[in-house]
Structures are given as structure tokens and as C-alpha cells.
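Both ligands and their constituent atoms are indexed starting at 1 by order of listing.
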Amino acid sequence: MSTLFYNLDSDTALAAHICRTLEAEAGTLEVRHFPDGESYLRIHDACKNRQCVIFCNLFQPDKKTLRLIFLADTLRELGASQVLLVTPYLAYMRQDKRFHEGECVSSKPFARLLSQAVDGLITIDPHLHRYHSLSEIYSIPTLVVQAAPLIADWIAKNIQNPVLIGPDSESEQWVSEVARLANAPFQILEKQRFGDYQVSVSIPELEPYKDHQPVLVDDIISSGRTMLETIAHLDHSGLSRTTAIGVHGIFAGSAYTQLSEKANVVTTDCIPHISNKIETGSALANAVRQLQLKG
Ligand code: R5P
């Protein structure tokens with residue numbers, strides 16, 4: 001029997017790509033709000049003994065999570081043999097430490113919640129900083145799609161003589177791999193964050209790379225401050241216009257407007273945005289197949 005595929009999110013293009021690649025059947029959901037604001041959800045498919053996939057991209061997670069829990073729970077109650085979640089962006093991974101007394105380390109309760117709700121999870125480059133793998137907080141099978149080969153391929157096709165820059169120590173894991181695959185030199189800077197919008201980044205040493213094109217690579221672009229601070233240094237180095245590549249382009253507030261004035265901004269299509277240039281649908285569908293085989 002074919003897989004049932006539910007898109008709980010507005011990213012119809014990526015969801016449709018994955019559904020088509022899996023040769024899955026698009027499930028039919030009825031979702032609305034009661035007059036009091038509570039959610040109503042009904043599944044119009046026979047899901048007994050079927051493998052089900054929920055696509056729910058958990059950026060801006062607070063308004064999506066409850067509906068996801070309701071759908072996963074209903075699928076299980078109706079007899080689905082497996083419920084997998086595809087969330088290209090995995091929320092709350094940056095809250096991996098109690099930075100100030102009394103703070104919620106939200107990555108942990110969020111991981112517990114999702115681990116209870118579904119049988120497996122597929123995501124792209126989650127923000128692993130203080131955790132080394134998702135298994136430290138997720139108790140279900142997880143599969144991580146690496147964006148590095150996709151980014152390296154895009155760079156190879158579009159940028160001549162690149163030098164890659166990572167804005168902080170966390171970015172080394174992605175930047176070093178992209179650099180290896182693209183056969184390019186790279187440099188990792190040091191970042192200090194003083195608040196949501198206050199960031200300082202160390203000055204790169206670009207003297208040996210005067211004839212290179214600077215390519216800044218990071219996993220998440222949120223406020224855009226990390227990229228903007230780094231681009232300001234690159235501007236002073238006399239190199240050509242920077243290409244700023246993000247895996248997950250969240251672009252809070254005016255981040256994209258500010259960034260696109262200073263750099264060519266490129267993102268993967270894992271969050272729908274005008275800057276999407278790198279496709280992730282096939283890699284995500286392959287990951288779903290792998291987790292389905294594990295049962
Ligand atoms: C955190 O260290 C991440 O790797 C990114 O550098 C960070 O999330 C970017 O955030 P923002 O765009 O708000 O500076």
C-alpha cells in the first residue's frame with residue numbers, strides 16, 4: 001500500500017515535491033477553528049496499517065505544534081503503522097543551555113513532545129552546537145539530511161574561485177564540509193552574541209585571497225545580524241560582492257531587505273523564500289524512504 005502524505009504547512013511546493021518523489025498518496029485533511037479558537041481536525045482517509053508521513057515545517061513553531069500533535073495522535077489512533085515527521089527546520093535547537101538562571105532549556109521539552117508524538121523524524125542540518133547528535137534529546141529514530149553537498153554543488157556551478165567564510169565556531173561543521181566538497185579554502189571567524197540583535201564577529205584574514213570571491217555560509221539566518229556583521233568586514237577587505245548562503249532562511253523582520261542590499265543572498269528551499277536557489281526535496285524524500293525501511 002502506498003504511503004499517505006499529509007502537508008500541515010503552507011509550503012506546498014516542497015511538500016508536493018517530496019510527495020511526488022515518494023509516489024505517495026496525498027491525504028485529505030479537514031482543518032479549521034471552532035468559534036472559540038480551538039482547532040478542529042478530521043482525516044478523510046483510511047489509514048489503518050498504512051505508513052504515514054506528516055510534512056510540518058516547524059519554523060515559527062508555536063502556532064504549528066499543537067495541530068501536529070493532534071494529527072499524529074489521530075493517525076495512530078486510526079491504526080497507522082508508522083507516523084514520520086518531516087520538518088526541514090527543527091525548531092528550538094538553539095535553546096540548548098540555560099544561559100541565565102531560571103530559563104527554560106526548550107530544546108529538551110520540545111524534543112520530548114515530538115518523540116512521544118511520532119515514530120521518526122527527518123530534518124535538515126539541525127543546529128547541533130552543545131548537543132553532538134539529536135539522539136541526546138530525541139528518543140525516536142531521526143535522520144539528518146546534510147545540506148553541504150547541495151550547497152557545494154551550487155557553489156561549484158555558480159561561483160568562480162570561492163573562499164568560504166564561517167561566521168562562528170558552530171558553522172565550522174557545515175563550512176568545512178562544503179569547502180572540502182567544493183575544493184575551496186575556508187576560514188572560520190569568532191562570534192560573540194550580546195543579545196537578539198547584538199553580535200560581534202572577528203575580522204577575517206583575507207590578504208591571501210584577493211582574487212577570490214567571498215562566500216559566507218551559515219545554517220540559520222534569523223535576525224540577519226550574524227551575516228550583516230560578517231559582510232561589513234568582507235566589504236572592507238576589497239573583495240568582490242559577498243554571496244551569503246543560509247541553509248534555513250528564516251529572515252525575521254527586515255533581515256532580508258538589509259542583507260540583500262549588501263550581498264547576493266542564497267538559501268535552500270527548505271523554508272520557502274524568494275532567495276531559494278538550492279533544492280532539498282529529493283534528499284528529503286530519500287531520507288523518508290530510509291526511515292520507512294527501518295520500520
Ligand atoms: C547560531 O549560532 C547560528 O549558527 C546562526 O549563526 C544564528 O542563528 C544566526 O542568527 P542571526 O541571523 O539572528 O544572527
(request) Check the pair His44 / Leu29 against side chain to side chain contact (heavy atoms under 4.5 Å, CB included), numbers first and verdict last. (result) CA-CA 6 Å; His44 285 281; Leu29 282 182; over 6 Å; no
(message) Tell me whether Lys64 forms a cation-pi arrangement with Phe59, defined as NZ or CZ under 6.0 Å from the six-membered ring centre and within 45 degrees of its axis.
(response) yes
(message) Running the 4.5 Å side-chain criterion over Ile, Leu, Val, Met, Phe, Trp and Tyr, what cluster does Tyr197 land in, apart from itself?
(response) none
(message) Can you confirm whether the side chains of Thr226 and Lys191 place a donor and an acceptor under 3.5 Å from each other?
(response) yes
(message) Just checking His273 against Tyr256, ring centres under 6.0 Å apart?
(response) yes
(request) Verify the distance criterion only: is there a donor paired with an acceptor across the side chains of Glu38 and His33 at less than 3.5 Å? (result) no
Any protein N or O within less than 3.5 Å of an N or O in ligand 1? List each pair with its distance, or say none.
residue  : atom   : partner : partner atom : Å
ligand 1 : 2 (O)  : Asp168  : OD2          : 3.4
ligand 1 : 2 (O)  : Glu170  : OE2          : 2.7
ligand 1 : 2 (O)  : Lys191  : NZ           : 3.4
ligand 1 : 4 (O)  : Asp218  : OD1          : 3.3
ligand 1 : 4 (O)  : Asp219  : OD1          : 2.6
ligand 1 : 6 (O)  : Asp168  : OD2          : 3.3
ligand 1 : 6 (O)  : Lys191  : NZ           : 3.0
ligand 1 : 6 (O)  : Asp218  : OD2          : 2.6
ligand 1 : 8 (O)  : Arg94   : NH1          : 2.6
ligand 1 : 10 (O) : Arg193  : NH2          : 3.1
ligand 1 : 12 (O) : Ser222  : N            : 2.8
ligand 1 : 12 (O) : Ser223  : N            : 3.2
ligand 1 : 12 (O) : Gly224  : N            : 2.8
ligand 1 : 13 (O) : Arg193  : NH2          : 3.4
ligand 1 : 13 (O) : Ser223  : N            : 2.8
ligand 1 : 13 (O) : Ser223  : OG           : 2.6
ligand 1 : 14 (O) : Arg193  : NH2          : 2.6
ligand 1 : 14 (O) : Thr226  : N            : 3.0
ligand 1 : 14 (O) : Thr226  : OG1          : 2.5

